[in-house]
Protein chains: 2
Amino acid sequence: MYSFTEENYIKAIYKLQEKSGISVNTNAIAEIMQTKAASVTDMVKKLSEKKLLSYAKYKGVELTELGRKMALEMIRKHRLWETFLYDKLNFSWDEVHDIAEQLEHIKSTKLIDCLDEFLGFPENDPHGDPIPGKNGLIQRIELYKISELGIGEFGVISGVVNHSSLFLQHLEKNQLVLGKGIEIISKSDFDQSLRIKIEGGIPIMISNEVARNVLLKKSR
Amino acid sequence: MYSFTEENYIKAIYKLQEKSGISVNTNAIAEIMQTKAASVTDMVKKLSEKKLLSYAKYKGVELTELGRKMALEMIRKHRLWETFLYDKLNFSWDEVHDIAEQLEHIKSTKLIDCLDEFLGFPENDPHGDPIPGKNGLIQRIELYKISELGIGEFGVISGVVNHSSLFLQHLEKNQLVLGKGIEIISKSDFDQSLRIKIEGGIPIMISNEVARNVLLKKSR
DNA sequence: TAATATTTTTAGACTAGTCTAAAAATATTT
DNA sequence: AAATATTTTTAGACTAGTCTAAAAATATTA
Ligand SMILES: [Mn+2]
Ligand SMILES: [Mn+2]
Ligand SMILES: [Mn+2]
Ligand SMILES: [Mn+2]
């Protein structure tokens with residue numbers, strides 16, 4: 001059995017490996033784990049002995065197939081619990097993450113598979129992130145930041161980069177929620193702010209900061 | 001914030017205090033916590049400093065009002081999660097306890113209150129045990145063991161003393177499930193086994209061991 | 001009430017996970 | 001290539017929670 005701490009390290013390393021390529025370095029891990037590089041070295045040695053990752057001194061770490069599988073199971077649990085809180089208990093999308101951080105550590109395969117079924121085998125969590133299946137497969141759709149689209153292009157809001165409560169609440173206030181279709185009207189050369197039209201609404205201005213943190217599936 | 005271990009100690013002490021009167025002794029705690037008396041002494045000192053219980057050397061411990069409140073919150077969470085697993089995810093009544101042991105440690109008042117509402121404010125868990133309310137109140141109904149009833153008396157199965165999977169599965173095989181009405185037909189003077197009639201069924205024999213572990217609400 | 005048995009506490013040690021400070025390795029700049 | 005800066009590792013220490021072995025207190029029996 002793995003401890004909560006071990007599980008959180010594996011999840012953190014997986015996420016780092018996702019974005020920044022292959023080998024993950026000690027300081028990066030220390031930063032997301034809110035700990036010191038020395039502690040990371042200790043833990044990484046332990047996880048390496050448990051065959052969850054491969055590690056070479058000064059060369060960073062890389063998850064093994066076993067470690068990758070474990071990370072995906074954690075993510076599956078996290079996102080299914082978020083969906084439960086959102087769909088069944090009517091939590092808002094900015095409240096679900098912290099509780100899911102606790103729930104993702106509950107050990108029971110049957111529990112998570114029954115929950116999956118109870119929720120109707122959802123494909124995405126309340127933030128639009130894909131939920132890995134029982135098999136560990138994760139279906140990836142090409143998503144674009146609003147800031148990446150050109151004038152006149154259309155898209156459907158399908159995810160967020162920033163998951164903070166503050167940001168999610170801001171989006172909600174501006175009708176920028178999952179599933180909404182939008183069109184790019186114009187861009188400012190001064191501050192890269194955008195004018196967009198939300199389906200069934202009037203055009204609004206959004207900052208470049210917002211545009212870089214909302215993900216779209218291209219449409220039309 | 002309290003650790004899982006601290007929480008489990010408080011719950012254990014509460015349960016001991018329930019049955020065996022006021023002051024709980026070290027060895028008894030050690031036994032349910034599956035640990036050594038020395039470890040109990042260490043922990044009990046710590047919990048005493050945290051004002052969760054009062055402790056006098058060699059005299060045993062007693063929960064404070066704070067400790068009692070905490071224990072009831074744990075029990076509320078445990079029983080609500082058991083009800084969730086049973087009612088919503090279709091677990092059988094002998095499968096829910098172990099997972100609830102994990103879930104009862106999730107920290108979120110909103111979560112548990114929303115879960116309570118989602119379940120329709122249940123009054124009893126799948127084993128018939130009462131679920132403490134938000135206020136910490138627990139409604140107690142007078143229950144009797146089957147073995148305590150006399151010939152010709154009627155009762156409705158409303159709880160169990162023994163919660164083991166083996167026992168619960170045995171009951172299920174014999175139609176002895178929550179809500180069933182039964183009548184005492186006769187008792188054997190030899191081994192105290194009983195002949196009982198289950199509502200809408202034919203009379204069956206049950207051992208004294210079973211009769212001492214099933215709780216009834218008297219009826220008629 | 002004295003001897004004996006049982007329960008409880010203390011003392012000291014161990015592991016997991018963390019930390020700080022300093023040493024060693026690697027990367028960058030001159 | 002040498003000097004300097006940064007990253008990573010090691011060494012040693014701390015806390016929480018546990019253990020065993022032995023001492024101290026309490027309970028039971030003769
Ligand atoms: Mn999340
Ligand atoms: Mn999410
Ligand atoms: Mn239970
Ligand atoms: Mn129960």
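Proteins get letters first, then strands, A, B, ... in listed order; numbering begins at 1 in each.
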Without placing hydrogens or testing angles, list every side-chain donor-acceptor pair under 3.5 Å for residues 108-121 of chain A, not counting sequence neighbours.
| from | atom 1 | to | atom 2 | distance (Å) |
| --- | --- | --- | --- | --- |
| A/Ser108 | OG | A/Leu111 | N | 3.0 |
| A/Lys110 | NZ | B/Glu95 | OE1 | 3.2 |
| A/Lys110 | NZ | B/Glu95 | OE2 | 3.0 |
| A/Asp113 | OD1 | A/Arg76 | NH2 | 2.8 |
| A/Asp116 | OD2 | A/Arg76 | NH1 | 3.2 |
| A/Asp116 | OD2 | A/Arg76 | NH2 | 3.3 |

Exercise. Describe the nucleic acid contact of B/Thr5 in one word from base, sugar-phosphate, nothing, applying a heavy-atom distance below 4.0 Å.
Key: sugar-phosphate
Exercise. Report the secondary structure of DNA chain D in dot-bracket form, marking unpaired bases with a dot and bases paired to a different strand with |, and treating Watson-Crick or G-U pairs with both distances under 3.5 Å as paired.
Key: ||||||||||||||||||||||||||||||
Quiz item: Got a sec? Which of residues 25-40 of chain A come in under 4.0 Å of DNA chain C, heavy atoms?
Solution: A/Thr35, A/Lys36, A/Ala38, A/Ser39
Exercise. Measure across B/Glu101 and B/Asn8 and return the closest heavy-atom pair with its distance rounded to 0.1 Å.
Key: OE1-OD1, 4.5 Å
Exercise. Compare side-chain N and O positions of B/Tyr55 against OP1 and OP2 of C/dT9 and report whether any pair is under 4.0 Å apart.
Key: yes
Exercise. Assign the ring pair A/Phe167 / A/His170 to parallel, tilted or perpendicular, where the plane angle (0 to 90°) is split at 30° and 60°.
Key: parallel
Quiz item: Nearest heavy-atom pair of A/Ala30 and A/Ala37: which atoms, and what distance?
Solution: CB-N, 3.8 Å
Quiz item: C/dG12 C1' sits how many Å from B/Asp42 CG, rounded?
Solution: 11 Å
Quiz prompt | Interatomic distance, A/Tyr9 OH vs C/dA16 C1' [rounded to whole Å] | solution = 12 Å
Quiz prompt | Atom-pair distance (CZ on B/Phe4; P on D/dT18), nearest Å | solution = 14 Å
Quiz item: Within this structure, what is the CD-to-C1' distance between A/Glu6 and C/dT15, rounded to whole angstrom?
Solution: 13 Å
Quiz item: Got a sec, which residues hit side chain to side chain donor-acceptor pair (under 3.5 Å) with A/Asn162, two or more places apart in sequence or on another chain?
Solution: A/Ser164
Quiz item: Just checking, any donor-acceptor pair under 3.5 angstrom between side chains of B/Asp125 and B/His78?
Solution: no
Quiz item: Is it the case that A/Asp191 and A/Ser188 place a side-chain donor and acceptor less than 3.5 Å from each other?
Solution: yes
Pairwise N/O distances under 3.5 Å, protein to nucleotides 25-28 of chain D:
| from | atom 1 | to | atom 2 | distance (Å) |
| --- | --- | --- | --- | --- |
| D/dA25 | O4' | B/Tyr58 | OH | 3.3 |

Quiz item: Should B/Glu142 and B/Lys217 be marked as a salt bridge (Lys or Arg N to Asp or Glu O under 4.0 Å) after you check the CA-CA gap, both sets of side-chain angles, and the distance that decides it?
Solution: CA-CA 7 Å; B/Glu142 193 83 28; B/Lys217 191 164 60 191; over 6 Å; no
Quiz item: Can you find a side-chain donor-acceptor pair between A/His163 and A/Asp94 that sits under 3.5 Å?
Solution: no
Using atom types as modelled, flag every donor-acceptor pair under 3.5 Å from a side chain in residues 131-140 of chain B to any protein atom, sequence neighbours excluded.
| from | atom 1 | to | atom 2 | distance (Å) |
| --- | --- | --- | --- | --- |
| B/Asn135 | OD1 | B/Leu137 | N | 2.7 |
| B/Arg140 | NH2 | B/Glu18 | OE2 | 3.1 |

Quiz item: Hey, are A/His127 and A/His97 close enough side-chain-wise for a donor-acceptor pair under 3.5 Å?
Solution: no
